[in-house]
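Taking it in order: structure first as structure tokens, then the write-up.
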Amino acid sequence: MKIRTAVFPVAGLGTRFLPATKAIPKEMLTVGDRPLIQHAVEEAKVAGIERFIFVTSQGKTAIEDHFDVNPVLESTLVERGKTKELDRVKSLQLGPGEAIFIRQQQPLGLGHAVWCARSLVGNEPFALLLADDMIIGDAPCTAQMIDAYNKQGRGNYTAVMDVPQEHVSRYGILDITQDDGTLVQAQDVVEKPDPATSPSRTAIVGRYILDPLTFDKINIHNFGVGKEIQLTDAFKPMIDAGVPFYGVRFKGHRFDCGTKEGWLEANVANAYNDEAMQPRLLETLKKLNIASQ
Ligand code: UTP
């Protein structure tokens, strides 16, 4: 079945990036000249996604405005002959009816945010992208995930990477049964395990292809780790119901832009990869290095 729908949960509080995220949604923080959510939407578009479902909350209307038409801005750019800027702004908009917004009324966790999209997604597999996990690489991560799904068939898929043992307690960690180096299969997923008892170092990052059974298996009465309704808690019941769970070791670098350090690294990497920006970046680093001596 073609993956045509993507869900973007953007209703989190972003407490790790306060005070920046007090009035600005975390997903509107910029890497280069675009907000994080724009990077994620572009990645999904390239992978063939046609329906973009955003799970939002109070204070996140900037995200809706970002993807909407802005007639005053557009007419002003036309009047001032700023055609390059106009083309850029227009190229980032979503088409009529392509964007759907639904609210998560309380920040009860990622599992709950995904569950809020159930009636919009319907009975088909879908992509899930967490915009604060930015992945930079030659092949867009969501396209790599869809490729794996197309080859392997029905199942739940998540992007994975191996992390240092002392970091496993920050992630959902796979209990692996098979591993061919690129695709791994798991019999369970444990959310934020103790490093001493973690089943592996293979960690989930924010890209998924999910089976629609997920909506039935998210238990909205079960508050897990961190007193949140965890998406990972839905995977074991699905494995037991015969839906296999796969991890895809993607090609690319992942930056946790939900933290100040990860966001800074993503901006540096983005500037370094940009032909126009790279000389200025290197010059600045050199200057600062000289200044600090
Ligand atoms: P995070 O785990 O980064 O949580 O969410 P958070 O609340 O946004 O940030 P911190 O941990 O307090 O700093 C991962 C993704 O899930 C969404 C977030 O918006 C982010 O895209 N999310 C999280 C929701 O949509 N709703 C929730 O209740 C929790």
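All residue numbers refer to positions in the sequence shown, counting from 1. Because the structure is a prediction, the values reported are computed rather than measured. Read the numbers this way: they start at 1 and go in the same order the structure lists the ligands and their atoms.
Side-chain atoms of Thr142 and Glu43 include a donor-acceptor pair closer than 3.5 Å.
Identified under the salt bridge (Lys or Arg N to Asp or Glu O under 4.0 Å) test for residues 151-160, with sequence neighbours left out: Arg154-Asp211. Residue pairs meeting the salt bridge (Lys or Arg N to Asp or Glu O under 4.0 Å) criterion with at least one member in residues 100-114: none, sequence neighbours excluded.
Pocket lining of ligand 1, defined as residues with a non-hydrogen atom under 4.0 Å away: Pro9, Val10, Ala11, Gly12, Leu13, Gly14, Thr15, Arg16, Lys26, Glu27, Gln104, Pro107, Leu108, Gly109, Leu110, Ala113, Asp132.
Cluster partners of Val190 are absent, since no Ile, Leu, Val, Met, Phe, Trp or Tyr has side-chain heavy atoms less than 4.5 Å from it.
In this structure, the separation between NZ on Lys2 and CD on Glu124 is 10.0 Å, given to the nearest 0.5 Å.
A 4.5 Å side-chain heavy-atom check between Asn219 and Ile229 finds every atom pair outside the cut-off.
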